[in-house]
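Just so we're on the same page: letters track the sequence lines, and every chain starts at 1. All values reported here derive from a predicted model rather than from experimental measurement. Atom set for the values below is all heavy atoms of this structure, side chains included, hydrogens, waters and symmetry mates excluded.
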Amino acid sequence: MPHPPVAFHLIPPIDLARFLAPGRFAPLYSVSAFAERIFPLEFEPRDQFEQRLKKIEEIRALGHDPYPREFRWTDTPAALVEKFGGATGPELEAYKREVRVAGRIVSIRLMGKAGFAHLQGAGKRVQIYVKKDVVGEKGFRLFHLLDLGDSIGVRGHLFRTKTNELSIWVDEIFFLAKALLPLPEKWHGLTDVELRYRQRYLDLIANEKSRQIFMTRARIIQELRRFFDARGYIEVETPMMHPIPGGAAARPFVTHHNTLDINLYLRIAPELYLKRLTVGGFDRVYEINRNFRNEGISTQHNPEFTMLEFYEAYSNYRDLMDVNEQLFALLAGSITGSTSIKYGDTELDFSKMQRLTMREAIVKYWPKEAGEAPQVEKLALPGGAREATSRYNAWAKKSGAPYAASKGQLTDGEWTGLLFETIAEDKLVQPTIVYDFPTDISPLSKQKPEDPSLTERFEIIVAGMEVANGFSELNDPAEQERRFLAQIAQGGEEMPKQLDLDYIRALCHGMPPTAGEGIGIDRLTMLLTDSPSIRDVILFPVLRPEGGGESSSTSEAHGR
RNA sequence: AGGGGCGUAGCUCAGUGGUAGAGCAGCGGCCUUUUAAGCCGAAGGUCGUGGGUUCGAUCCCCACCGCCCCUACCA
């Protein structure tokens with residue numbers, strides 16, 4: 001059986017005599033003073049908190065540092081379960097080696113002069129057996145002082161109990177850290193969603209499912225890095241604080257730099273900086289990082305969210321579509337073991353992606369009850385999308401179907417986009433590439449040579465969610481300036497207020513033909529972990545502050 | 001922002017117009033292979049907050065706070 005190398009030598013052994021010298025563990029503060037200070041903060045339950053503070057003193061009295069510096073371990077609980085889960089009692093007896101294991105105590109069963117507990121570490125539990133005869137009087141007193149939630153280390157060897165559970169026969173207990181507050185209920189765990197989000201640390205301890213989701217999220221990001229690294233991309237970090245927010249249409253958060261005395265905006269997209277890098281000769285770049293949008297919160301929106309953005313010189317949006325089909329199939333396979341994955345009540349098949357132009361999608365998902373579907377050619381005519389929308393809306397009003405509400409005057413392209421979102425987007429459950437977006441709603445994409453009203457842009461929609469958005473990047477500085485100015489002229493809170501002149505200047509130095517794309521990591525993770533809400537895949541989603549934080553009606557970011 | 005739902009012990013949940021209950025956790029006791037350990041005993045609550053109706057409100061009504069879901073917003 002494998003015996004992993006143990007890195008005991010990395011840190012020189014401590015001088016125990018000096019370390020345990022009298023007074024060494026004298027409390028730095030009085031327990032009751034701590035309790036007085038902390039309880040205005042309302043950490044509950046107070047009785048258990050105080051009980052445990054007293055135990056700290058008793059642990060000190062036994063000669064243990066209640067908060068020691070380290071513990072040299074040989075195996076995690078998870079590793080033991082993995083390696084020895086199948087070993088029989090006699091096998092363990094024959095292969096009797098010393099193990100040193102650390103973990104959090106998640107169950108205790110005390111029985112007079114012996115007892116059992118479960119140590120949880122690296123996501124798995126292993127049982128320990130502590131016998132007074134073995135650990136001695138003091139060791140057993142320490143065992144008695146343990147609470148659920150405490151961190152301990154043990155030294156011992158593996159065996160199987162009468163009921164055949166893999167367990168550690170403990171020779172020595174090392175106290176590692178005190179838990180002053182109790183763990184959630186051991187059987188039902190933590191089910192209150194609000195508590196799960198606010199106190200994610202408890203959720204992670206108590207709910208294996210939650211732990212798995214975040215492990216999977218980490219693997220997804222790992223896989224993505226591997227995918228792009230293998231294709232000659234380099235990873236970069238561009239600014240999160242922008243003097244001019246750009247690269248998307250969204251309301252930014254505002255912050256202030258004191259020394260420079262300027263307002264800065266938390267970025268709504270890294271796009272314009274990444275393309276400056278393409279100008280600079282980084283032909284393949286990607287960034288995985290946060291964007292911030294001062295907008296609504298829902299099961300699909302968190303004010304800060306993680307995007308992968310990547311740019312590839314000398315390619316176009318068709319190349320990206322092909323890359324995406326590979327990437328999504330590969331990810332689904334490596335993360336879930338199959339290209340067909342369960343999401344809610346449906347099976348999503350990532351082995352292929354339907355491709356539809358935006359106009360085709362409108363025609364395909366036009367409700368029969370709303371009358372004859374418009375022709376693709378009709379939608380392309382001036383006023384065509386608008387006419388179709390009003391025909392649809394007339395029916396929607398009567399039938400109670402979603403209404404395509406427009407604010408103000410819309411252009412043909414905006415009508416097309418609106419109609420698409422109203423009737424088609426949420427119908428796109430199976431992975432679908434929707435392409436050829438109207439120019440009017442795609443200020444950063446290159447137009448189609450044969451039809452300047454459309455751009456070489458696509459989105460990947462899965463389970464009705466936009467998970468990716470890519471295009472052939474507009475690199476004509478004159479055309480880019482025209483579109484920026486049009487946006488500014490149009491106004492509105494989510495439109496840029498100011499021309500990003502340096503970006504135009506960068507384009508003037510010549511950006512090679514480039515294809516670029518953003519993939520929403522949070523939504524991708526939702527799909528691959530079968531999570532219905534984005535908050536299930538974000539460790540600390542945005543919530544209102546606890547205890548009724550001040551309601552600042554003077555939010556600068558809103559400018560209202 | 002609008003609609004619906006929820007808020008009872010640290011956690012998971014019952015419950016009632018007459019002032020509150022269980023399990024787990026915690027406390028005391030018994031128990032040297034248990035495993036949602038068991039047994040005995042004691043403790044733990046401004047029933048989210050504030051008003052109102054009522055002789056009496058945790059329950060009914062109103063407002064507020066927080067969370068969840070749907071809609072809206074989010075190219």
Atom CD of Gln199(A) and atom P of G10(B): how far apart are they, to the nearest Å? 13 Å
With a non-hydrogen cut-off below 4.0 angstrom, is Arg535(A) in contact with a base, only sugar-phosphate, or nothing? sugar-phosphate
Can you give me the N/O atom pairs linking the protein to nucleotides 21-23 of chain B at distances under 3.5 Å, or say none if there are none?
residue: G23(B); atom: N2; partner: Glu185(A); partner atom: OE2; Å: 3.3

Under a 3.5 Å cutoff, is there a donor and acceptor pairing between the side chains of Asn324(A) and Glu517(A)? yes
Under 4.0 Å between a side-chain N or O of Thr191(A) and OP1 or OP2 of U12(B)? yes
Answer with base, sugar-phosphate or nothing: what part of the nucleic acid does Lys132(A) contact at a heavy-atom distance below 4.0 Å? nothing
Residue closer to the 5' end of RNA chain B, Arg293(A) versus Leu148(A) (nearest nucleotide): Leu148(A)
Nearest to side-chain heavy atoms of Gln127(A), which nucleotide of C70(B), U33(B), U34(B): U34(B)
Pair Gln354(A), Lys364(A): side-chain N/O donor-acceptor within cut-off below 3.5 Å: yes
Nucleic acid contacts of residues 452-460 of chain A, taken as heavy-atom distances under 4.0 Å to RNA chain B: Arg457(A), Glu459(A)
Run the numbers on Val126(A) and Lys124(A) for side chain to side chain contact (heavy atoms under 4.5 Å, CB included), then give the verdict. CA-CA 7 Å; Val126(A) 68; Lys124(A) 287 275 162 48; over 6 Å; no
So, Glu271(A) and Tyr273(A): side-chain donor and acceptor under 3.5 Å apart, yes or no? no
With rounding to the nearest 0.5 Å, note down the distance linking CG in Leu202(A) to CG in Leu183(A). 7.0 Å
Does one side chain, of Glu165(A) or His118(A), offer a donor that lies under 3.5 Å from an acceptor on the other? yes
Donor-acceptor pair between Thr525(A) and Arg523(A) side chains, under 3.5 angstrom: no
Stretch residues 409-420 of chain A: residues that reach within less than 4.0 Å of RNA chain B through a heavy atom: none
Return yes if a side-chain donor-acceptor contact under 3.5 Å exists between Gln120(A) and Arg104(A), otherwise no. no
Answer with base, sugar-phosphate or nothing: what part of the nucleic acid does Ala248(A) contact at a heavy-atom distance below 4.0 Å? base
Any base atoms under 4.0 Å from Ser107(A), or only sugar-phosphate, or nothing? Heavy atoms, all strands. nothing
Starting at the 5' end of RNA chain B and moving along, which residue's nearest nucleotide shows up first, Asp147(A) or Phe116(A)? Asp147(A)
Using the side-chain heavy atoms of Arg52(A), tell me which of these nucleotides is nearest: C11(B), A25(B), A75(B). A25(B)
Are Asp426(A) and Tyr365(A) linked by a side-chain donor-acceptor pair shorter than 3.5 Å? no
Reckon Gln51(A) touches a base, only the sugar-phosphate, or nothing at all at heavy-atom distances under 4.0 Å? sugar-phosphate
So what does Tyr197(A) touch, heavy atoms closer than 4.0 Å: a base, only the sugar-phosphate, or nothing? sugar-phosphate
Rounding to a whole Å, what distance do you find between Leu195(A):CG and C11(B):P? 6 Å
Is the distance from OP1 or OP2 of C68(B) to the nearest side-chain N or O of Ser533(A) less than 4.0 Å? no
Tell me whether the count of non-hydrogen atoms from other residues, nucleotides or ligands lying under 6.0 Å of CD in Glu208(A) goes above 12. yes
Is U19(B) syn or anti, taking syn as a glycosidic angle within 90° of 0? syn
How would you label the contact of Ser442(A) with the nucleic acid (heavy atoms, under 4.0 Å): base, sugar-phosphate, or nothing? nothing
Just wondering, more than 12 heavy atoms not from Lys138(A) lying within 6.0 Å of its NZ? no
Say whether Asp536(A) and Ser531(A), considering side chains only, have a donor N or O and an acceptor N or O under 3.5 Å apart. no
